[in-house]
Amino acid sequence: MVFPDKPIAHLLGSNGPVHALAYSASPGTYILAGSADRSIRLYNPQPSTSVHPSSSSHVTSKSSTPPAVPEGRLIQTYSAHGYEVLSLTVAGDNARFASSGGDRSVFLWDVTTAQTLRRFGGTQQGHTARINCVAFGGPDDGLLVSGSLDCSVRVWDAKSNSPKPVQVLAEARDSISAVIVRGHEIVSGSVDGRVRTYDARVGRCVTDVVGPSVTSLCMTLDGKAILVGSLDSRIRLMDRENGNCLKTYADPGWKNEDLRVQSILGGKEQYVLAGDEMTGTPGRSGEGRIWAWDILTGELKAQVPVPWGPAGHEPKKFVGKDGKPKERSNILSCFAWREGGFGDQYCVSGTSGTVTVFGYH
């Protein structure tokens, strides 16, 4: 199966960088995008009638005029955050989703009414700094788990009116960058270079030492391995049972040393995907870059250029500290693959605020 490298839709509307992406639960019809403009947008990537001319830099065509990339449909905008949105998680029934960011609170939303049902935090028992990540967990998605810059993981009862967290996990020595909930387990990644697995049944914490700061986590479907992104320009697939590194993914041209760039599994766990800080070879006209490795061999399978946006949305130059005009690059920091990596499309976004959807068809 060839890696899908052709854009099938652009999702527009954000007035700043997009920090978080999530597909709706199966069958994954919709995409949520959380932005630095403090809003969350719900899209249907199925194109509307309007199209934008595609940039020839990211589509290879035998004809002189490349095919147009359609624009997906904006369905709803959710506005309640006072700061940038950094994380999104969708409930299995698709009726609710949760978001977090600079507000120090977790927002629980009703999808249909676009109203917040609950806000977790904002009290003495809540987080004291921005919330980097949030995930549903528990039976019927009755719990929310959040990780913060304040070095703690907090567990909230999404069905009660209590302002207090059910549990506070404070073993980390630096910011929490990622959380995953699987059954009775909570897995957190931290800037202190550790991946911690909490077993709620027995109250045990198992710590795996990665070394460099952990920026993202993505678990395999069977729960036996976990993909760990870190700030040493390497992505590791780690065995959850013994903590061994099963495979490392890297390339001389790929750098991730300063920014929180997400890495995920996709293509039915055939590929490892990551964004690019764009500190190496600059992209043309503000392009970003997707890197994709074979999960088994570690071989680099694809480098996919991602445009800043459709025609007419080219980046504006900015003045650097040296007083000279600089070119912007589309730093791709967030990914989502339909149906947890097993669907037929994925989406990426970052600095430009344009969400680009790629697919097999």
Side-chain angles (χ1 to χ4, degrees), residues 4-52 69-79 81 84-101 107 109-112 114 133-136 141 216 218 262-267 273 275 288 290 304 306-310 313 330 332-361:
D5 59 359
K6 299 294 187 291
I8 59 174
H10 285 133
L11 309 180
L12 308 178
S14 174
N15 296 312
V18 169
H19 297 310
L21 291 169
Y23 274 93
S24 57
S26 185
T29 305
Y30 301 99
I31 294 173
L32 281 169
S35 171
D37 69 6
R38 304 173 293 177
S39 295
I40 302 157
R41 292 171 175 84
L42 177 69
Y43 297 95
N44 185 337
Q46 187 68 28
S48 60
T49 54
S50 60
V51 295
H52 290 279
V69 178
E71 181 182 331
R73 291 171 282 170
L74 176 62
I75 306 298
Q76 182 67 271
T77 300
Y78 303 85
S79 301
H81 279 274
E84 59 186 356
V85 180
L86 298 175
S87 183
L88 295 166
T89 180
V90 181
D93 61 4
N94 280 327
R96 301 166 298 150
F97 73 89
S99 60
S100 69
F107 291 61
W109 298 84
D110 182 281
V111 171
T112 304
C133 44
V134 63
F136 275 108
D141 292 321
S216 71
C218 183
Q262 188 179 8
S263 52
I264 65 168
L265 297 167
L273 278 71
I290 299 170
V304 184
V306 181
W308 182 271
H313 289 74
N330 189 12
L332 301 174
S333 57
C334 53
F335 288 72
W337 197 298
R338 177 183 273 177
E339 297 196 65
F342 284 78
D344 59 357
Q345 67 173 233
Y346 65 97
C347 59
V348 303
S349 193
T351 310
S352 74
T354 298
V355 181
T356 304
V357 184
F358 292 83
Y360 285 104
H361 306 296

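Side-chain atoms are counted along with the backbone in the values below, which use heavy atoms only and exclude waters and symmetry mates. A quick note: this is a predicted structure, and the numbers were derived from the prediction, not measured.
Between Trp337 and Leu273 there is a side-chain heavy-atom pair separated by less than 4.5 Å. Contact of the Val306 side chain with the Asn330 side chain is registered, since non-hydrogen atoms from C-beta on lie closer than 4.5 Å. No side-chain heavy atom of Pro310 sits under 4.5 Å from any side-chain heavy atom of Val69. At least one side-chain heavy atom of Phe97 sits less than 4.5 Å from a side-chain heavy atom of Ile40. By the 4.5 Å heavy-atom criterion applied to side chains, Pro45 and Ile8 are not counted as neighbours. The closest side-chain heavy-atom distance from Phe358 to Ile290 is below 4.5 Å.
Rounded to the nearest 0.5 angstrom, Gln262 CD and Leu332 CG are separated by 11.0 Å. For the atom pair OG (Ser100) and CG (Leu86), the distance works out to 6.5 Å, reported to the nearest 0.5 Å. Distance check: His10 NE2 to Thr356 OG1 gives 4.0 Å after rounding to the nearest 0.5 Å. The distance from the CZ atom of Phe342 to the CG atom of Leu265 is 8.5 Å, given to the nearest 0.5 Å. For the atom pair CD1 (Ile75) and CZ (Arg73), the distance works out to 5.5 Å, reported to the nearest 0.5 Å. With rounding to the nearest 0.5 angstrom, the CG atom of Leu88 is 10.5 Å from the CG atom of Leu42.
The main-chain N or O of Thr29 is found under 3.5 Å from a side-chain atom of Ser24 such that the two form a donor-acceptor pair. In terms of modelled atom types and a separation under 3.5 Å, the side chain of Tyr78 and the main chain of Gly34 share no donor-acceptor contact. With hydrogens and angles ignored, the 3.5 Å screen pairs no side-chain donor or acceptor of Ser352 with any backbone N or O of Gly309. A distance-only check finds a donor-acceptor pair linking the side chain of Thr89 to the backbone of Phe136 [under 3.5 Å]. Here the side chain of Asp5 pairs no donor or acceptor atom with the backbone of Val304 at under 3.5 angstrom. Trp109 places no side-chain N or O within 3.5 Å of a backbone atom of Ala114 that could act as its donor or acceptor partner. Panel note: side chain Tyr346, backbone Pro4; a donor-acceptor pair is recorded below 3.5 Å.
Using a 3.5 Å distance cut-off with no hydrogens or angles, the side chains of Ser263 and Ser216 do pair a donor with an acceptor.
Tested against Val355 for a side-chain contact (heavy atoms from CB on, under 4.5 Å), the candidates Leu21, Val348, Leu12 yield a single pass: Leu21.
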Practice prompt. Tell me, with the steps shown, if Asp344 and Arg338 meet side chain to side chain contact (heavy atoms under 4.5 Å, CB included).
Written response: CA-CA 7 Å; Asp344 59 357; Arg338 177 183 273 177; 2.7 Å; yes
Item to complete: Please step through side chain to side chain contact (heavy atoms under 4.5 Å, CB included) for the pair Val357 and Leu11, ending with a clear verdict.
Response: CA-CA 8 Å; Val357 184; Leu11 309 180; 4.0 Å; yes
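Taking each heavy atom of Tyr43 and Ala33 in turn, the nearest pair found is CE1-CB, 4.0 Å. Nearest heavy-atom pair, Arg41 versus Asn15, reported as atom, atom and distance to 0.1 Å: NH2-ND2, 4.0 Å. Shown here for Glu339 and Ser26, the closest heavy-atom pair between the two residues is OE1-OG, 3.1 Å. Shortest non-hydrogen contact noted between Ala20 and Cys334 is N-SG, 3.8 Å. Across every non-hydrogen atom of Ala9 and Gly72, the tightest pair is CB-N, 4.4 Å.
For Ser14, the side chain to side chain donor-acceptor pair (under 3.5 Å) criterion is met by Ser35, not counting sequence neighbours. Phe107 meets the ring pair (Phe, Tyr, Trp, His ring centres under 6.0 Å) test with His81; sequence neighbours excluded.
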